[in-house]
Amino acid sequence: DRTFLLVASTAESSNFLKLCFGALAVGFTYVERLRPWISLDIVLLLWKALLESKNEDIVLALRNDGICKSNDVFKVLETLGAIDILDEKKRKYVRIGHDLLWEFGRTYLEINLPIEPPKYEDKYFWLRVKFAKPTNQIIDSSNVTSVFLNQHIVSLYEELTNGFFSTQIDDGHIYTYYPQHIIKGDLPEKAFNILNNQKFISTRLEVMGTDEAIHIHMQDIELLEKKYLCYAKLPSTRKSSKDAIMELVNSIVFATVSFDHSSRYIENSTDIHGVKMNNCLKARGLVIIGAAIQKFHLWNISMDCFSKALQYLRLAKLPNTHPDVLRVMRYIDTATLYPLQLVSKDSHKRIILKHAASLREGNVTSGLPLVLSSHPGRAIVPVKNHFDSSSFSGQYIFLGIGAEESAMKVSYDGDFIARVDDGAVMNVLQGWINEGVTITIKPGPTSKRERLRQLQMTNASRRFIINEDGTVSAASRPNLVLGLSFYPKLYLVDQFSPNRAVFKNVNALSDDNEDGDILLELISHPEHAIAPTSEEIVSLKFFIFVKLGLGPKENALKVFRCKNKIFFRGCNDLYLAWNYSGSVAGTPINLLGSDIPHSSQTFFQKIFIKFVIDKWSNFCINNDGTISPLNAPHLALGFQVPNFCNPPHEPVSGHTHDALNEKPVMSLRNLFIIATMKSFLMEKIKQSQ
């Protein structure tokens with residue numbers, strides 16, 4: 001503390017120098033970097049703002065000590081040895097000289113910077129407070145100081161850029177750390193907008209290079225998710241956390257496949273060498289994104305990234321033995337999810353838990369991962385990192401068989417298999433205890449009364465038995481155990497996804513013809529077709545559900561098309577429809593309908609089919625042989641596996657910038673009808689769960 005008096009004759013000057021030093025310590029500390037190298041340009045801008053904010057008495061004292069400009073502060077701190085200097089690429093960088101000096105600067109600023117707690121622009125801030133640990137109402141002064149300084153830095157950059165980003169305003173700092181300043185300044189909307197800004201992303205790629213830019217961009221998205229999105233929606237956009245994350249991920253994917261990466265390294269990026277380099281760099285960028293978003297369990301987008309990366313490498317004519325190709329193939333294997341479902345106990349598809357004996361004992365409070373001894377390297381994993389929800393099913397997350405690294409950790413009490421993170425329990429989808437039905441997790445009991453209610457469900461859909469041989473049986477039907485389907489389920493993917501389904505008989509599907517008999521065979525996956533992967537499952541005594549997936553062409557579904565619907569050619573009135581979660585990437589496609597003739601249906605059954613199922617079942621046939629929801633042409637039917645037929649020299653398709661779009665808003669009439677039906681049917685559905 002006395003060191004600063006050696007170069008300042010007054011306490012006012014000394015205190016101001018310590019203030020500037022503390023601002024450097026608190027305002028420029030980042031994730032995993034306590035004392036990073038910071039561009040001198042932005043540091044001088046911040047010091048200049050602090051200098052201009054002082055009153056006349058302090059300014060006069062500073063002048064007497066020869067401190068008139070922010071550059072004078074820099075020279076004084078350099079003379080004292082408080083900061084290190086680095087000259088690189090015609091630009092100066094500074095950092096605090098030692099950890100103890102950093103600690104001094106941080107502590108001084110927290111004590112001596114008189115500021116009020118910031119007013120958060122996030123009106124859902126109370127949600128984060130609600131979920132935070134008790135603080136005895138003590139304000140964290142270090143956080144308040146950090147928020148103040150970071151908001152100040154954001155204001156400086158807003159004034160500097162005026163919303164326009166280019167390489168000309170690159171100060172060696174903005175494209176590396178600007179989003180982190182916004183996040184740490186408690187400005188979630190601005191953080192979302194900057195991470196979704198295509199001009200900012202493309203300039204970041206140009207300035208920093210593919211690998212570093214994408215790595216730090218994904219780090220920023222993860223930081224935003226951890227700090228805000230796991231608790232609340234974005235205020236003005238009203239986006240949920242899952243929609244916000246998916247939109248940000250789609251933005252960086254779109255920027256990666258659209259950007260000319262080779263232009264940063266060679267002058268002529270259009271020659272053969274430049275094109276090959278560009279394809280390889282795009283592939284590397286997509287691999288980084290795909291690996292990073294596995295933390296969010298966005299397996300469908302992750303697989304799209306890896307599959308598209310493989311396409312770029314093949315377009316670059318790299319051999320199958322090339323290290324980049326082998327790496328992508330390994331990533332594809334980790335992102336390949338097999339549906340978890342009920343199978344016969346003697347089926348070759350059954351799975352065996354590695355830690356079954358320890359789980360049966362129930363003495364491991366920290367939980368054990370659901371890794372498999374029957375399938376080495378594999379484990380039971382959640383398909384998403386958030387709960388989907390519907391008016392009829394409540395909250396749920398589908399489970400699948402994926403990479404061992406993503407294994408779900410659980411505990412077992414003799415009845416419930418519960419995830420240790422949040423207490424969510426395994427459940428048979430919709431309570432349909434039948435072979436081929438998918439397994440989910442649902443929010444678990446939070447009280448003894450709730451636990452008793454879930455235990456007493458009529459079909460025991462949430463109770464399981466871990467057997468001595470490592471298999472897991474449904475408590476109400478021990479002849480059914482957990483197993484996997486070797487064929488992936490049918491679901492919605494991005495319209496440009498390499499995993500989309502391209503149909504063989506698309507011309508026949510283009511016309512309405514109730515007398516047609518069309519096989520849903522695939523060009524994209526030779527010798528395969530859309531096929532049923534479960535028996536007909538009846539719910540509510542009239543509602544039929546049949547799972548669909550990729551299967552051998554011998555099991556191809558026979559259909560006809562009429563009035564934008566694709567009907568199953570069978571004994572019941574069934575047609576293709578998507579799930580309750582809406583027309584978004586990752587939504588499963590199944591056969592839905594009724595086994596009761598229309599003339600024999602009750603009024604509420606007719607209403608349910610007309611205003612609910614009918615709304616989820618309109619499809620259009622595209623010119624490229626794909627099928628899309630009529631209200632979501634940016635999506636198409638596809639799978640969680642790469643396209644089997646991928647010519648090496650086929651041009652790579654782009655990527656939808658916002659593959660979510662806005663979900664169509666229901667009319668008030670439909671909302672009223674569904675609300676009425678919900679009150680009538682909810683009790684039956686709860687009982688069946």
Side-chain angles (χ1 to χ4, degrees), residues 290 293-294 297-311 328-329 331-341 349 378 381 383-384 398-403 436 438 484-506 509 519-534 546-557 559 566 576-579 581 583-591 619 621-622 624-629 632 634-646 650 653 655-656 659:
I293 62 179
Q294 287 184 343
H297 298 286
L298 296 176
W299 300 100
N300 57 319
I301 304 179
S302 180
M303 176 61 82
D304 279 359
C305 289
F306 298 145
S307 300
K308 201 178 289 289
L310 184 61
Q311 282 187 302
V328 171
M329 294 302 295
Y331 273 117
I332 287 176
D333 183 59
T334 65
T336 300
L337 293 186
Y338 300 96
L340 182 66
Q341 61 186 29
K349 299 178 184 178
R378 296 286 177 179
V381 302
V383 174
K384 297 182 179 180
F398 287 108
L399 297 179
I401 306 298
T438 305
L484 58 84
S485 171
F486 292 112
Y487 293 108
K489 65 183 178 183
L490 181 67
Y491 71 171
L492 295 176
V493 301
D494 182 86
Q495 63 171 329
F496 297 126
S497 170
N499 309 324
R500 66 191 186 276
V502 182
F503 291 86
K504 183 177 181 180
N505 302 312
V506 67
L509 283 169
L519 294 173
L520 290 184
E521 295 181 350
L522 301 172
I523 297 175
S524 55
H525 301 71
E527 304 300 316
H528 289 77
I530 305 297
T533 59
S534 74
V546 179
K547 289 174 55 183
L548 298 178
L550 184 67
K553 68 176 184 179
E554 292 78 16
N555 298 341
L557 207 65
V559 301
I566 300 175
L576 265 67
W578 53 90
N579 210 336
S581 52
S583 48
V584 297
T587 299
I589 304 294
N590 302 296
L591 282 177
F619 292 90
I621 312 301
N622 302 317
D624 61 356
T626 59
I627 298 178
S628 299
H634 58 286
L635 302 173
L637 304 188
F639 311 99
Q640 185 68 21
V641 293
N643 189 317
F644 296 162
C645 180
N646 188 10
E650 178 183 328
S653 302
H655 185 82
T656 303

Interatomic distance, T533 atom OG1 to N590 atom CG [nearest 0.5 angstrom]: 7.5 Å
Partners meeting side-chain hydrogen bond (donor to acceptor under 3.5 Å, both in side chains) with T438 (sequence neighbours left out): K547
For D333, all residues meeting side chain to side chain contact (heavy atoms under 4.5 Å, CB included), sequence neighbours excluded: R378
Atom of G290, atom of S302 and distance for their closest heavy-atom approach: O-OG, 2.9 Å
All side chain to side chain contact (heavy atoms under 4.5 Å, CB included) counterparts of V493, not counting sequence neighbours: Y491, S497, R500
Minimum heavy-atom distance G549-F639, with the two atoms named: C-CE2, 4.1 Å
Between CG on residue L550 and CG on residue N555, distance to nearest 0.5 Å: 11.0 Å
Pairing residues for A556 by the side chain to side chain contact (heavy atoms under 4.5 Å, CB included) criterion, not counting sequence neighbours: L519, E521, A529
Check: I332 and M303 side chains under 4.5 Å, non-hydrogen atoms: yes
Residues which pass side-chain hydrogen bond (donor to acceptor under 3.5 Å, both in side chains) with S485, listed by chain and number, not counting sequence neighbours: none
Contacts of N622 that satisfy side-chain hydrogen bond (donor to acceptor under 3.5 Å, both in side chains) - sequence neighbours left out: T626, S628
Contacts of type ring-ring contact (aromatic ring centres under 6.0 Å, His included), residue Y331, not counting sequence neighbours: F306
Within-4.5 Å side-chain heavy-atom neighbours: L637 and L576: yes
Interatomic distance, E554 atom CD to E527 atom CD [nearest 0.5 angstrom]: 7.5 Å
Audit row: L509, V559, side-chain contact (heavy atoms from CB on, under 4.5 Å) steps and yes/no: CA-CA 9 Å; L509 283 169; V559 301; 4.0 Å; yes
4.5 Å side-chain heavy-atom contact, I589 and L492: yes
Nearest-0.5 Å distance, CD1 of residue I301 to CD1 of residue I293: 5.5 Å
Which atom of F398 lies closest to which atom of P588, heavy atoms considered: CE1-CG, 3.9 Å
Stepwise side-chain contact (heavy atoms from CB on, under 4.5 Å) check, L635 with T587: CA-CA 10 Å; L635 302 173; T587 299; over 6 Å; no
Stepwise side-chain contact (heavy atoms from CB on, under 4.5 Å) check, F503 with L522: CA-CA 4 Å; F503 291 86; L522 301 172; 3.7 Å; yes
Atom pair NZ (K489) and CG (L548), whose distance is rounded to the nearest 0.5 Å: 12.0 Å
Stepwise side-chain contact (heavy atoms from CB on, under 4.5 Å) check, I627 with I566: CA-CA 10 Å; I627 298 178; I566 300 175; 4.0 Å; yes
Heavy-atom pair with the smallest gap, counting every atom of P488 and P339: CA-CD, 4.1 Å
L520 CG to L557 CG distance, which is reported to the nearest 0.5 Å: 5.5 Å
